[in-house]
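Numbers restart at 1 for each chain; the letters A, B, ... are given by sequence-line order, proteins then strands. Worth saying up front: this structure is predicted, and the values here are computed from it rather than measured.
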Amino acid sequence: MEKRFVYADNSATTRITEPVLEAMMPYLTEHYGNASSIYGIGMDSARAILKSRETVAKAIGAKTSEIYFTSGGSEADNWAIKCAADVGAKKGKRHIVTTVFEHHAVLHTCEYLEKHGFEVTYVPVDEMGLVHPEEIEKAIRDDTCLVTVMFANNEIGTIQPIAEIGAICRSKKVLFHTDAVQAVGNVEIDVAAMNIDLLSMSGHKIHAPKGIGALYMRTGVNLPNLIHGGAQERSKRAGTENVAGIVALAKAIELCTADIPAKQKKLSAMRDRLIAELTKIPESRLNGDPKKRLAGNINISFRGIEGESLLLSLDLEGICASSGSACTSGSLDPSHVLLAIGLPHSTAHGSLRLSLSDDTTEEDVDYIIEKVPKIVEKLRAMSPLWERILRDEDIDAE
Amino acid sequence: MIYSEKVMDHFANPRNVGEIPDADGVGEVGNAKCGDIMKMYIKVDDGIITDVKFKTFGCGAAVATSSMATELIKGKPIEEAMKLTNSAVVEALDGLPTVKLHCSVLAEQAIHAALSDYYTRQGVDPKPILGEVAPPDTCEI
């Protein structure tokens, strides 16, 4: 097969699509007015923001007044968690429930709060990468001020029982936040039906640019500000609005939620073909539940090889992907997600995440299926660890 | 993170990959948990390292430093090889990202481990010559 460029890292970020770029472009050029200004081009911006807010709200079953634009998913997570903690602390509630395999925007925020007198319960996940709602229920205490559980995991793509967790939190009268950065546009979301109080989303995961996101805050939740300053976002989030980003986020969410079942059908067929073919490689395993996962997520570990070498080799063939190895995370340990589902370190080091998008073609899938086994074989041929695996040694005994 | 062109060249086309079945010295350092293992084979003739091969499980920098280290000692007298430092390997590769410097240390240790094995097989105590090749007890970045 001829060399091609295959972008299979859409959970890291996505390409800005033409309709999104077209929608945002006027707000970078002729409609540059500050939305707070009284003249024509200022009001143009204000109107564009209002319309975008309606579009974003509609996509997740929220009211327009419940959407606040932010600089991205991390800010939305920080706002929801830190400010829910503030509200809780005023009532003497200093306990937070989350899970062990959240995104670092949630985990590190929780760790920060632990240093400031909060107690955090990290609920485990099962070996398939799923949170059990009854574990969340058990973890909730009288002094719990917030439950935060991600909608879909960014590494292994597993989709969590958010509606069940939402129902538990509502009945226990505890605020419920979900980081839905990976789920928006890939899974049907109805914040009202799912009893979600706070939801974070990000633009660049759904073909909008980097630097734009939103927090959904249910009417009545009324968290204090994270960012103080001007009266933007109804005095809830200061800073001159990123009008072009907001318009792009709205266009992107409108497009990616237009027909989620059709997108799921198309992507899951490609996903399942990749999983079936790549797990034919000896000593490989699929990480995460085979079905309760994002339609475009594939995460496979190959024993005896290291993830960064795999990614560099794939890049030499034109394929962009990611891994949960320590080398690629720049830390001592491999991915906390892979360790949370019980993988030994050595197996977690050899993981490969492929994340597809609407751009992915059957030819791209064929190309990946052709290249990955050859690269794994080449790396194993030079791996002293693979020799030991072939000799049936217990490589994780050390 | 950015790798130099030399690192990428040694990763994409590693020199001296493989094994030497009748090696005069074999050394292995690193462990599976940390995510990098290097194994070096040397052939010694008349005090000269006539052949060297390696196998590495690890990241791009681990492969590149192994490859460069073998190039730097091949055809050299043992005395010269044992003086090879990790910084010489880094320099020869036009630098390494800071988080990858430990890979070059591992390459230096792998060569020392192979030389140590060579001396042991010759009935010579390697410790006074090479010092202790200390295995790291914790993973490093």
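- Across every non-hydrogen atom of Val63(B) and Ser309(A), the tightest pair is CG2-OG, 4.1 Å.
- Only the backbone of Ala381(A) comes within less than 4.5 Å of a heavy atom in chain B; its side chain stays farther off.
- In this structure, OG in Ser67(B) is found 8.0 Å from CE in Met382(A), a value given to the nearest 0.5 Å.
- Of all the heavy atoms in Glu28(B) and Pro384(A), the pair that sits closest is OE1-CB, 4.4 Å.
- The CZ atom of Arg380(A) lies 11.0 Å from the CZ atom of Phe57(B); values are rounded to the nearest 0.5 Å.
- Environment of CD in Glu127(A): sparse, with no more than 12 heavy atoms of neighbouring residues, nucleotides or ligands closer than 6.0 Å.
- With values rounded to the nearest 0.5 angstrom, Leu379(A) atom CG is found 11.0 Å from Thr56(B) atom OG1.
- Open room surrounds CD on Glu91(B); 12 or fewer heavy atoms of other groups in view lie less than 6.0 Å from it.
- Not one N or O on the side chain of His345(A) forms a donor-acceptor pair closer than 3.5 Å with the backbone of Cys34(B).
- Contact annotation for Leu316(A): only side-chain heavy atoms (C-beta onward) come within less than 4.5 Å of a heavy atom of chain B.
- For Glu363(A), the CD atom is densely surrounded, since the number of other residues' heavy atoms within 6.0 Å is greater than 12.
- Contact annotation for residues 1-15 of chain B against chain A (heavy-atom separation below 4.5 Å, listed by residue number): Met1(B), Tyr3(B), Met8(B), Phe11(B), Ala12(B), Pro14(B).
- Contact annotation for Thr347(A): neither backbone nor side-chain heavy atoms come within less than 4.5 Å of a heavy atom of chain B.
- With values rounded to the nearest 0.5 angstrom, Lys55(B) atom NZ is found 7.5 Å from Ser383(A) atom OG.
- When atom types are taken as modelled, the side chain of Glu308(A) and the backbone of Gly60(B) share a donor-acceptor pair closer than 3.5 angstrom.
- In terms of heavy-atom pairs under 4.5 Å with chain A, the best-connected choice from Ala61(B), Ala62(B), Cys103(B), Gly58(B) is Gly58(B).
- Residue Arg388(A) holds its CZ atom at 8.0 Å from NZ of Lys39(B), rounded to the nearest 0.5 Å.
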